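As structure tokens, the structure follows; a few thoughts come after it.
Being a predicted model, the structure only gives us computed values, none of them experimental. Numbers for residues simply follow the sequence, beginning at 1.
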Amino acid sequence: MNTTCTVPDRLTDKVELAHGGGGSMTAALIKNVFAPRFGNRLLDRGLDSSVLPEPDCRLAFSTDTFVVNPLFFPGGNIGDLAINGTVNDILCSGATPRYLSVGFVIEEGLDMKVLEEIADTMARAAKEAEVEIVTGDTKVVERGKADGVYINTSGIGYLPPDLNLDPNNLRAGDKIIITGSIARHGMAVMSKREGIGFSSPIVSDTASLGDIVHALLDVCPQSLRVLRDPTRGGVASTLNEFSIAAGVNITIDENSIPILPEVRSACELLGLDPLHVANEGIMIAGVAAEDADAALAAIRRSVHGADAAIIGEVTMADSHGAGVWLTLPAGNRRRVEMLSGEQLPRIC
């Protein structure tokens, strides 16, 4: 009895299980969809791994997996989110991103044009971030198993020998700078997923932020303490991570935090704290007080930093222990806790 099920090679407008089988249809998928968009001198060799040029410095390495639902949202899609997210993680160490890997888990039945549009967006995002996609993998799973497509990206960047950005570097008196308005990405995804319309559409802030990081390293390389992109868990969770790591208090001023009026209104409508909502195109920086104004001016000169602001400062921990505090307009304050639970599922 012949138990082998042959699958004919053919052109198709839907992803099929055979596209993930490792045979000729997998090769056709790579040839027709990925190679034309991601091709470069390393990837085009078709090896199982790419041999990267040896850098004369340290390496930064990061990986992330993206499962956003819906796949497309105002301001972007899962493709540029996957590129920008890993690029920004590398940038937060002060490294210059150079190479990415991309792994796709594709659901059977996904429209090929959807996959092509996602790949096009990824190629544009990689070009803008000045990184190359040098290796990858594709798997196809049965219908109903993957919400269309999941994407993993891993990245490598070159790190200067003496740079050490770490929350442990924070000291009392340091200033906290945010590079743009908060909560845009989470609310853009939420509004699209729930079919909520607002008079002013909310657009995701997804972007690679190399311009901001390079500006900071040019202006204050010795006094830049830490960088972090406040994605899942939002600004509140990131600042709490800083506070716990350094054993300090961080006090932020509600009036100083940039937030678009439509985003604030949407958060109020849905009962969400914007400090807990995800971001994909901003960073939080801790900078020594004497260089904070120069750092802020440098950020504001960058493409993505027009709304940057100094939102608070680091103080010594008190009898309550290390924590994050929000000063309210009336002058009183409340403690800002790390996000508990998953407030906005599948946002990145």
Side-chain angles (χ1 to χ4, degrees), residues 73-76 80-81 83-85 87-92 94 96-97 121 124-125 127-130 165 174-189 191 198-221 223-231 234-236 238-239 252-267 274-275 277-313 326 329 347-348:
F73 46 83
D80 53 359
L81 196 64
I83 299 296
N84 294 335
V87 164
N88 288 340
D89 284 345
I90 296 170
L91 284 166
C92 282
T96 299
T121 305
R124 288 194 297 269
K127 182 177 181 180
E128 182 176 336
E130 299 181 346
L165 302 182
D174 290 345
K175 300 297 184 182
I176 301 297
I177 300 176
I178 197 160
T179 65
S181 61
I182 71 170
R184 286 173 53 191
H185 175 71
M187 297 314 300
V189 173
S191 62
F198 300 101
S199 56
S200 297
I202 299 173
V203 178
S204 171
D205 60 348
T206 179
S208 58
L209 300 176
D211 56 336
I212 286 176
V213 175
H214 295 147
L216 286 170
L217 292 176
D218 286 343
V219 170
C220 54
S223 59
L224 179 61
R225 313 292 200 201
V226 64
L227 277 173
R228 190 70 58 82
D229 53 338
T231 53
V235 171
T238 296
L239 291 180
I252 56 176
D253 180 6
E254 186 174 53
N255 285 334
S256 300
I257 300 171
I259 179 169
L260 298 177
E262 57 269 29
V263 174
R264 184 186 300 277
S265 297
C267 287
L275 292 173
V277 176
N279 312 273
E280 287 291 346
I282 63 172
M283 287 186 178
I284 298 175
V287 182
E290 62 269 21
D291 288 326
D293 288 338
L296 179 63
I299 295 170
R300 286 179 171 172
R301 288 193 295 270
S302 69
V303 173
H304 301 104
D307 296 326
I310 297 174
I311 63 170
E313 66 178 328
L326 178 68
I347 44 112
C348 57

Pair I310, D293 - check side-chain contact (heavy atoms from CB on, under 4.5 Å), show working. CA-CA 8 Å; I310 297 174; D293 288 338; 3.8 Å; yes
Quick one: CG on D291 to CZ on R225, what's the gap to the nearest 0.5 Å? 9.0 Å
Out of curiosity, T121 OG1 to D80 CG, how far, rounded to the nearest 0.5 Å? 5.5 Å
Evaluate the criterion side-chain contact (heavy atoms from CB on, under 4.5 Å) for residue pair C220 and V287; output intermediate values, then yes/no. CA-CA 8 Å; C220 54; V287 182; 4.3 Å; yes
Any side-chain heavy atom of D211 sitting closer than 4.5 Å to one from H304? yes
Is there a side-chain contact between I311 and P258, using heavy atoms and a 4.5 Å cut-off? yes
Minimum-distance pair of heavy atoms, taken over all atoms of F73 and A188: CB-O, 4.5 Å
Over all heavy atoms of both residues, which pair between P201 and E262 is shortest? Give the atoms and the distance, please. O-OE2, 4.5 Å
Which residue in the set L216, T179, I177, L91 passes side-chain contact (heavy atoms from CB on, under 4.5 Å) when paired with L227? L216
Tell me whether [X] contacts the main-chain N or O of [Y] through its side chain, where contact means a donor paired with an acceptor under 3.5 Å.
X	Y	result
T238	V235	no
R184	V263	no
D229	I282	no

I182 and V277: side-chain contact (heavy atoms from CB on, under 4.5 Å), yes or no, with the steps? CA-CA 8 Å; I182 71 170; V277 176; over 6 Å; no
Got a sec, which residues hit side-chain contact (heavy atoms from CB on, under 4.5 Å) with E254, two or more places apart in sequence or on another chain? L326, L328, P329
Run N84 and E280 through side-chain contact (heavy atoms from CB on, under 4.5 Å) and show every step you take. CA-CA 8 Å; N84 294 335; E280 287 291 346; 5.9 Å; no
Does CD belonging to E130 count more than 12 external heavy atoms closer than 6.0 Å? no
